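Heads up: the structure comes next, in structure tokens.
Each chain gets a letter, A, B and so on, in the order the sequences are listed, and its residues count up from 1. This one's a predicted model, so the numbers in the text were calculated from it and none came from an experiment.
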Number of protein chains: 2
Amino acid sequence: MRKFDWQDLQHFLALAHGGSLSGAARALGVDHATVSRRIAALEAALDVKLVHRLPRSVRLTREGEALLDRAALAERGMVQLGHYLDARAGAATTEVRVSASPAVATRLVAPSLPAFHRDHPEITLTLAVTPEIAQLDRGEAELAIRLVEPTEGELLARRAGSMAFGLYGPPGYAARPGAEWSFIGYDDTYEHVTQQQWLRSVVGNRPVVFRSSDLLAQQEAAAAGLGAVSLPRFIGDADDRLVRLPQQQPHPSAPIWLVTYPDLFRAPPVAAVMAFLAGIVAEHCPRED
Amino acid sequence: MRKFDWQDLQHFLALAHGGSLSGAARALGVDHATVSRRIAALEAALDVKLVHRLPRSVRLTREGEALLDRAALAERGMVQLGHYLDARAGAATTEVRVSASPAVATRLVAPSLPAFHRDHPEITLTLAVTPEIAQLDRGEAELAIRLVEPTEGELLARRAGSMAFGLYGPPGYAARPGAEWSFIGYDDTYEHVTQQQWLRSVVGNRPVVFRSSDLLAQQEAAAAGLGAVSLPRFIGDADDRLVRLPQQQPHPSAPIWLVTYPDLFRAPPVAAVMAFLAGIVAEHCPRED
DNA sequence: TCGAATTTGCGCATATCTGCACAATAATAT
DNA sequence: ATATTATTGTGCAGATATGCGCAAATTCGA
């Protein structure tokens with residue numbers, strides 16, 4: 001089997017992840033020149049250009065992307081090992097990163113952050129707002145709030161509650177006949193989401209006047225009078241500018257999962273944050289089944 | 001996440017696998033002193049004794065074993081990456097290692113090795129005879145012949161044939177009533193194997209006069225007149241000293257799988273060896289289903 | 001019982017790598 | 001436009017790691 005320097009690969013992954021030599025250098029705690037030299041060494045050893053060196057940034061070549069894909073398993077293993085070492089050393093983890101969608105992060109978690117800080121002033125909680133699900137196996141976060149059941153076997157997943165949805169619209173909508181309603185929905189890239197499929201079946205032939213990938217933007221548009229929108233109950237019910245509209249078809253709810261790694265969970269701060277999140281979810285989004 | 005030097009881990013894994021500083025040093029292509037120092041560095045960074053330094057050998061501590069377990073995924077990833085790099089570079093792989101059980105290796109594969117060498121003189125084929133299934137993910141072999149379906153998802157597995165079994169005994173056995181037969185079987189550690197379970201149901205109350213973990217030893221014992229034994233057809237039929245005995249219960253057969261990694265298979269020599277093995281199996285152990 | 005072959009441990013000269021400082025370039029904000 | 005900030009590239013001195021040689025210890029075989 002071909003041998004290569006694992007340290008070079010570590011630098012390459014940091015670069016691919018950080019996006020710049022400087023960023024990778026900061027993450028690794030070394031000088032940017034060192035990262036540059038190790039990447040050059042890896043390229044020489046493999047006889048491939050891995051990155052395009054640009055004046056102000058670097059971009060992975062095709063081969064670089066391919067290498068990144070192939071190294072995914074190794075990186076997962078290294079992150080897992082890092083978690084184990086953390087747990088074994090009883091590392092004083094004081095910073096816990098939570099990954100969540102924008103809507104969940106800002107409307108569900110953020111309002112309770114003061115209470116959490118009061119109870120756990122020693123823990124710095126970071127909300128990593130990510131459009132797509134965070135890559136726990138890349139070490140981007142310690143905890144994640146997901147709306148789909150995690151499939152990765154090594155993960156510790158806890159079913160925390162159910163996110164109920166409702167159809168909301170401007171106050172006048174309740175009195176108007178449903179045939180005159182306009183609608184607001186996700187854009188095309190979210191066609192696969194259950195909620196979006198439900199909305200499409202409800203809309204029928206009526207117009208969809210605004211689309212956005214950002215749920216909060218949809219909310220604002222609805223509050224401005226643009227049309228009806230499907231929102232989580234914990235968001236729609238709290239907005240005085242919107243009223244809940246009657247629905248013919250039952251609105252499917254989404255399970256809420258809290259996921260982390262077993263080794264991470266052994267760290268008390270991570271467990272504390274997980275308990276905190278479970279409490280929030282249980283309060284605002286209790287399980288329905 | 002805790003950061004650590006991946007190169008140190010590489011040295012540690014080589015040491016754990018090689019069993020000695022010198023062996024690891026040879027495998028890594030460095031001096032033994034370097035391995036020693038890197039292990040010391042890793043121990044210092046982790047603040048744990050990983051190996052007992054003995055005058056003539058090293059032995060992993062409990063923590064070392066634990067670390068080895070936790071690093072398994074990372075090692076798998078690195079091996080996989082190495083395979084990819086081999087395939088990408090079109091590495092001139094001329095040595096292909098095949099892992100197989102002793103019986104399969106010596107009686108099924110070995111007799112055809114001259115023919116293979118005639119057709120592919122450029123390929124050095126190594127038969128790694130391993131009692132248990134070889135650890136492909138540790139890079140111990142490029143190909144493996146297994147009698148159970150591989151569960152690892154990343155593997156490329158090919159169903160090559162079926163190993164049919166038969167009950168064999170010394171020539172005189174055919175004329176003697178079955179109630180007087182004695183039997184030969186695996187020892188206790190193989191109780192879970194399908195063949196052994198079948199044998200036990202056939203034996204009933206009749207005596208088992210010899211047990212061995214080595215199938216070939218069982219064969220020799222049977223040929224010496226000791227009793228009846230369950231053997232693969234390709235072994236039993238080829239032995240003039242044994243006759244096939246009538247069986248009441250149908251003898252279950254075992255599927256024969258050829259497994260490797262996709263990236264390895266892209267190397268022509270590996271593909272050639274796999275085709276060679278598939279041909280042997282198809283000839284001597286055709287599929288039954 | 002004795003000798004040969006491995007293996008680990010240690011010190012030293014050398015080779016390699018790293019960090020730092022500075023220059024150049026491009027994106028961004030004022 | 002202009003200043004500011006952040007990034008990459010390069011040369012150099014110091015720090016670090018590596019390989020080599022030798023000694024000590026132990027196992028294996030004769």
### Query
Is there a donor-acceptor contact under 3.5 Å from the side chain of A:T106 to the main chain of A:P102?
yes

Between the protein and nucleotides 17-20 of chain D, which nitrogen or oxygen pairs are less than 3.5 angstrom apart?
{"unit_1": "D:dT18", "atom_1": "OP1", "unit_2": "B:R38", "atom_2": "NH1", "d": "2.4"}
{"unit_1": "D:dG19", "atom_1": "OP2", "unit_2": "B:D31", "atom_2": "N", "d": "3.1"}
{"unit_1": "D:dG19", "atom_1": "OP2", "unit_2": "B:T34", "atom_2": "OG1", "d": "2.6"}
{"unit_1": "D:dG19", "atom_1": "N7", "unit_2": "B:R37", "atom_2": "NH2", "d": "3.0"}
{"unit_1": "D:dG19", "atom_1": "O6", "unit_2": "B:R37", "atom_2": "NH1", "d": "3.4"}

### Message
Using modelled atom types and a 3.5 Å cut-off, is there a donor and acceptor pairing between side-chain atoms of B:Q80 and backbone atoms of A:A74?
### Response
no

### Query
Is the backbone of B:G64 close enough, under 3.5 Å, to the side chain of B:T61 for a donor and an acceptor to pair up by distance?
yes

### Query
Between residues 44-52 of chain A and DNA chain C, which residues have a heavy-atom gap below 4.0 Å?
none

### Task
Taking A:E43 for its side chain and A:K49 for its backbone only, find out whether a donor-acceptor pair lies under 3.5 Å.
no

#### Entry: Note: B:D263-B:R88 ion pair, threshold 4.0 Å (strictly below)
no

### Message
Is it the case that the side chains of A:Q219 and A:R107 hold a donor-acceptor pair, with the cut-off being a distance below 3.5 Å and no angle test?
### Response
yes

Grab the N/O contacts between the protein and nucleotides 3-6 of chain D below 3.5 Å, and write none if there aren't any.
{"unit_1": "D:dA6", "atom_1": "N3", "unit_2": "A:R56", "atom_2": "NH1", "d": "2.7"}

### Query
For A:D5 and C:dT16, what is the distance between atoms CG and C1' respectively, to the nearest whole Å?
13 Å

### Task
Give the rounded distance in Å between these two atoms: CZ of A:R59 and P of C:dA26.
15 Å

### Query
In which ranges does DNA chain D form stems of 3 or more consecutive Watson-Crick or G-U pairs, distances under 3.5 Å?
C:1-30 with D:1-30

### Atom-pair distance (CG on A:L28; C1' on C:dC17), nearest Å
15 Å

### Query
Counting distance only, does the side-chain N/O of B:R211 pair as donor-acceptor with the main-chain N or O of B:Y186 below 3.5 Å?
yes

### Query
Do any N or O atoms from the side chain of A:S212 and from the backbone of A:Q218 form a donor-acceptor pair under 3.5 angstrom?
no

### Query
For B:D69, does the CG atom have more than 12 heavy-atom neighbours from other residues, nucleotides or ligands under 6.0 Å away?
yes

### Query
Are B:R241 and B:E220 close enough for a salt bridge, meaning some N to O gap below 4.0 Å?
yes

### Qualifying residues under salt bridge (Lys or Arg N to Asp or Glu O under 4.0 Å), relative to B:D31, sequence neighbours excluded
none

### Message
Counting only side-chain nitrogens and oxygens, does B:S36 get under 4.0 Å of the OP1 or OP2 atom of C:dG9?
### Response
yes

### Query
B:L54 has an atom CG; how far is it from atom C1' of C:dT6, in whole Å?
14 Å

### Query
Choosing from C:dG9, C:dT8, D:dG9, which nucleotide comes nearest the side chain of A:R53?
D:dG9

### Query
Sub-3.5 Å donor-acceptor pair from the side chain of B:Q7 to the main-chain atoms of A:W6, do we have one?
no

#### Entry: salt bridge (Lys or Arg N to Asp or Glu O under 4.0 Å) partners of A:R53, counting only residues at least two apart
none

